Protein chains: 2
Amino acid sequence: MGIIRKTQSVEFLLAEFQSTEALSAIELIGRLDSKLNKTTVYRVLDKLEDDGVLHSFLDNSGIRWYAKCKSCTKSKHFDGHPHFQCLSCGKVDCLNINVYLPEIPNRQVTVSQILIQGNCEFCAN
Amino acid sequence: MGIIRKTQSVEFLLAEFQSTEALSAIELIGRLDSKLNKTTVYRVLDKLEDDGVLHSFLDNSGIRWYAKCKSCTKSKHFDGHPHFQCLSCGKVDCLNINVYLPEIPNRQVTVSQILIQGNCEFCAN
DNA sequence: AATGTTAATGCAACTTGGTTGCAAAAGTAA
DNA sequence: TTACTTTTGCAACCAAGTTGCATTAACATT
């Protein structure tokens, strides 16, 4: 069950996703503190994900990140791309590359989550 | 700072990792409920990870899993292999395969976490 | 524009996985 | 056996996320 009404909350949230950078639920709750309740933030993020507008994933410390989907629809979520997290500045974004997963004997693969961590271009050393 | 004393807690915990199956912290706390306090479980798991005896990773719902390391040492954690979670029965284990990650422009890669989800051999349909 | 319906929201209270501080217990070296 | 230090259990805490419910706001219909 996705979005069915164009509410202010939806607009406030979508406005935060102008760039391709991923944002954590926590970050969004902080940014929108004066405008939206945290429950609403979680609920709207959920619905936007159902609708294929955003996709979400976890980083290595267990917090959830959201990013704009490029080619997802309600029925088919295409979020097989890897995500990159800079261990220095903390920023997370989507990588526009394909990772080839080998066949795995005896198992049917449905989804894969790939999180790559390291230093981003601004934090190289 | 890893294990420096061979305590009962360490032995109880290691006894659970006979197979290569991964176990969640939650599962272990449940299994060892009569023997160990949950704080102790978390602390010993932590230390065993520091020592390169276990490695840990998160599944897609944010809970942490632990599995025995094959070739890790205190100094170098080799846990670059992918993990497989059966979406039907919930079991998680380590995959003994290599995933080739392409070069990513402008970024230094340190670690990668790959979680593959689908159906295991017993839950194929 | 006013109205009725139902989805969306805010709030407070709760759940869950995990952490912390501290006194008591258990390992270990001598 | 003693002395020292790590490890443990307990209770209290923390943070991310969820739930129930009364109120508010979209929006289709009139």
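We name chains A, B, ... by the order of the sequence lines, and we start the count at 1 in each one. Model, not experiment: these values are computed from the prediction.
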>> Rounded at 0.5 Å granularity, tell me how far CG in A:Leu23 sits from OG in A:Ser56.
In response: 12.5 Å
> Has A:Ser9 got a side-chain N or O lying under 4.0 Å from the OP1 or OP2 atom of C:dT9?
Replying inline: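 Answer yes for this pair, as a side-chain N or O of A:Ser9 is under 4.0 Å from OP1 or OP2.
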Categorize [X] for me: base, sugar-phosphate, or nothing, with a 4.0 angstrom heavy-atom threshold over every strand shown.
{"X": "B:Arg64", "answer": "sugar-phosphate"}
{"X": "A:Thr39", "answer": "base"}
{"X": "B:Lys38", "answer": "base"}

> Do the ring planes of B:Phe57 and B:His83 sit parallel (below 30°), tilted (30 to 60°) or perpendicular (above 60°)?
Replying inline: parallel
> Is the number of heavy atoms from other residues, nucleotides or ligands under 6.0 Å of A:Glu21 CD greater than 12?
Replying inline: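 Buried by this count: over 12 neighbours within 6.0 Å.
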>> Strictly distance-based, threshold 3.5 Å: is any side-chain N or O of B:Asn37 a donor or acceptor partner for the main-chain N or O of B:Thr39?
In response: yes
>> If we ignore hydrogens and angles and just use 3.5 Å, is the side chain of B:Lys68 paired with the main-chain N or O of B:Gln18 as donor and acceptor?
In response: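 Flag set: sc B:Lys68 to bb B:Gln18 pair under 3.5 Å.
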For [X] and [N], what is the distance between atoms [atom1] and [atom2] respectively, to the nearest whole Å?
{"X": "A:Leu58", "N": "D:dA15", "atom1": "CG", "atom2": "P", "answer": "19 Å"}
{"X": "A:Tyr42", "N": "D:dA15", "atom1": "OH", "atom2": "C1'", "answer": "9 Å"}
{"X": "B:Leu13", "N": "D:dT7", "atom1": "CG", "atom2": "C1'", "answer": "13 Å"}
{"X": "B:Asp46", "N": "C:dT19", "atom1": "CG", "atom2": "C1'", "answer": "10 Å"}
{"X": "B:Leu28", "N": "C:dG17", "atom1": "CG", "atom2": "C1'", "answer": "14 Å"}
{"X": "A:Lys35", "N": "C:dA8", "atom1": "NZ", "atom2": "C1'", "answer": "18 Å"}
{"X": "A:Gln8", "N": "D:dA25", "atom1": "CD", "atom2": "P", "answer": "9 Å"}
{"X": "A:Asn37", "N": "D:dG17", "atom1": "CG", "atom2": "C1'", "answer": "12 Å"}

> Is the base of D:dG9 touched by the side chain of B:Arg43 through a donor-acceptor pair closer than 3.5 angstrom?
Replying inline: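 In this structure, the two groups form a donor-acceptor pair.
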Among [options], the one nearest [X] by side-chain distance:
{"X": "A:Ile26", "options": "C:dT19, D:dA16, D:dC21", "result": "D:dA16"}
{"X": "B:Lys6", "options": "D:dT8, C:dT28, C:dC11", "result": "C:dT28"}
{"X": "A:Arg5", "options": "D:dT8, C:dG18, C:dT6", "result": "C:dT6"}
{"X": "B:Ile63", "options": "C:dG17, D:dG9, C:dT28", "result": "C:dG17"}

> Closest nucleotide of DNA chain C for B:Ile29 versus for B:Thr7: which of these residues is on the 5' side?
Replying inline: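 By nearest-heavy-atom nucleotide position, the 5'-most residue is B:Ile29.
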